[in-house]
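The structure appears right after this line, and notes come after that.
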Amino acid sequence: MTIISQDFYNRNTLEVAKDILGCKLNRRTESGILSGIIVEVEAYTQEDPACHAFKGKTPRAITLFKQPGIAYVYFIYGMYHCMNIVTEEYDRAGAVLIRALEPLPPTENTNGPGKLCKALNITKEFNETDITSKESDLWIEEGIIVPKKQIITTTRIGIKLAADFPWRFYIKENKFVSKL
DNA sequence: GATAAGATGTTA
DNA sequence: AACATCTTATCA
């Protein structure tokens, strides 16, 4: 399997979000490698009021300004983690939130951003992990090809700010996309 | 089915 | 006080 390089992430966030659908997320654990196809994502950029980086380089959001191709993992609602991939050139903030995976093999419950982090045991210790290297315990490879016609665009979920931005993308009729 | 409430801790 | 969530309870 071909690992996805930094160049892929060093682009406009909206483009990366659409192009990463169908790619395969891998997590190496003591009991083996857990994998899933990315089937649902959302985009966030520094000009976007809903983005953590909108207010600038706060301690939490500083990761978003770093080099593309690293993970941004944060803790939310007192019990869940959410995993993003940092995009855009160094010193420009941008990220793609991984919202759902199609698990391989189909055992884990990965149809939501908090659930997939729990299933793959992704915690804040993975913040700033280089996901373009197989030496990491978290990386992304090429997966299946998703035709443009199969990509559905909608507004993002669970936010109040910029709720009208059509920056959520998912694979049409995939059973593992988060509920309604 | 739908909608509401509760759990829980970090952030600025 | 809000929060890029999810589960459980309580209706119908």
Side-chain angles (χ1 to χ4, degrees), chain A residues 9 11-23 25 27 34 36-88 91-103 106-129 131 138 140 151-180:
Chain A
Y9 304 107
R11 295 186 292 144
N12 175 277
T13 306
L14 280 298
E15 297 303 315
V16 176
K18 284 179 271 193
D19 291 349
I20 208 160
L21 289 172
C23 292
L25 178 66
R27 165 82 173 91
L34 303 173
I37 300 293
I38 297 170
V39 299
E40 179 184 353
V41 296
E42 285 177 3
Y44 291 84
T45 75
Q46 64 184 18
E47 294 84 11
D48 163 19
C51 182
H52 293 163
F54 185 67
K55 295 201 174 82
K57 297 177 182 177
T58 61
R60 177 173 69 168
I62 191 73
T63 301
L64 293 164
F65 291 88
K66 296 192 177 182
Q67 75 273 24
I70 61 173
Y72 169 53
V73 182
Y74 62 90
F75 193 52
I76 191 69
Y77 296 125
M79 39 175 93
Y80 298 103
H81 293 273
C82 287
M83 180 195 161
N84 299 245
I85 300 151
V86 174
T87 58
E88 309 275 353
D91 216 36
R92 263 188 70 78
V96 174
L97 169 68
I98 312 291
R99 284 197 56 88
L101 300 174
E102 175 172 341
T107 48
E108 307 282 12
N109 209 12
T110 54
N111 60 334
K115 291 157 88 174
L116 76 89
C117 283
K118 187 177 174 209
L120 300 199
N121 197 22
I122 296 169
T123 65
K124 58 192 178 201
E125 297 181 11
F126 283 87
N127 196 40
E128 304 196 0
T129 296
I131 58 161
L138 187 64
I140 297 179
I151 300 177
I152 307 294
T153 303
T154 70
T155 52
R156 294 173 292 182
I157 292 182
I159 56 169
K160 298 232 176 86
L161 266 25
D164 58 327
F165 284 31
W167 284 8
R168 170 173 174 253
F169 308 99
Y170 65 88
I171 300 177
K172 187 179 183 179
E173 288 170 9
N174 186 282
K175 300 177 205 65
F176 299 93
V177 169
S178 64
K179 60 122 205 162
L180 241 180

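Computed over heavy atoms, backbone and side chain alike; hydrogens, waters and symmetry mates excluded. Keep in mind that this is a model prediction, so the values were computed, not measured. Letters A, B, ... are given to chains in the order of the sequence lines, protein chains preceding strands, and every chain is numbered from 1.
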### Under the side-chain hydrogen bond (donor to acceptor under 3.5 Å, both in side chains) test, residues paired with A:Lys172 that sit two or more places apart
none
### Task
Convert the base pairs of DNA chain B into dot-bracket notation, remembering that pairs crossing earlier ones are written with [ ] and that bases paired across to another strand are shown as |; include only Watson-Crick or G-U pairs under 3.5 Å.
|||||||.|||.
### A:Glu40: salt bridge (charged side-chain N to carboxylate O under 4.0 Å, His left out) partners, not counting sequence neighbours
A:Arg99, A:Arg168
Donor-acceptor pairs are to be reported for all side-chain atoms of residues 60-68 of chain A against protein atoms at under 3.5 Å, with residues two or more places apart or in another chain.
| from | atom 1 | to | atom 2 | distance (Å) |
| --- | --- | --- | --- | --- |
| A:Thr63 | OG1 | A:Asn127 | ND2 | 3.3 |
| A:Thr63 | OG1 | A:Glu128 | OE2 | 2.7 |
| A:Lys66 | NZ | A:Glu128 | OE1 | 3.2 |
| A:Lys66 | NZ | A:Glu128 | OE2 | 3.2 |

### Message
Going by side-chain hydrogen bond (donor to acceptor under 3.5 Å, both in side chains), name the residues that satisfy it together with A:Tyr44, two or more places apart in sequence or in a different chain.
### Response
A:Glu42
## Note on the structure
chain A vs DNA chain C, heavy-atom contacts under 4.0 Å, first-to-last nucleotide span, 5' to 3', is C:dC3 to C:dT7
### Task
Just grab all the salt bridge (Lys or Arg N to Asp or Glu O under 4.0 Å) pairs involving residues 69-79 of chain A, residues at least two apart or on different chains.
none
### Query
Nearest nucleotide by nearest heavy atom, which residue falls closer to the 5' end of DNA chain C, A:Asn109 or A:Tyr72?
A:Tyr72
Output a table of donor-acceptor pairs, distance under 3.5 Å, between side-chain atoms of residues 80-87 of chain A and any protein atom two or more places apart or on a different chain; print 'none' if there are none.
| from | atom 1 | to | atom 2 | distance (Å) |
| --- | --- | --- | --- | --- |
| A:Asn84 | ND2 | A:Tyr72 | O | 3.3 |
| A:Thr87 | OG1 | A:Thr13 | OG1 | 2.8 |
| A:Thr87 | OG1 | A:Gly94 | O | 3.3 |
| A:Thr87 | OG1 | A:Ala95 | N | 3.3 |

### Message
Using a 4.0 Å heavy-atom cut-off to protein, can you give one letter per nucleotide of nucleotides 5-12 of chain B, 5' to 3': B if the base is in contact, S if only the sugar-phosphate is, - if neither?
### Response
--BBBSSS
#### Entry: Any pair counted as side-chain hydrogen bond (donor to acceptor under 3.5 Å, both in side chains), so long as it reaches residues 156-166 of chain A, sequence neighbours left out
A:Asp48-A:Arg156
#### Entry: Under the ring-ring contact (aromatic ring centres under 6.0 Å, His included) test, residues paired with A:Phe165 that sit two or more places apart
A:Trp167
Which side-chain N or O atoms in residues 113-125 of chain A pair as donor and acceptor under 3.5 Å with protein atoms at least two apart or in another chain?
| from | atom 1 | to | atom 2 | distance (Å) |
| --- | --- | --- | --- | --- |
| A:Lys115 | NZ | A:Asn111 | OD1 | 2.8 |
| A:Thr123 | OG1 | A:Glu125 | N | 3.4 |

#### Entry: Residue pair A:Asn12 / A:Glu88, side-chain donor-acceptor N/O under 3.5 Å
no
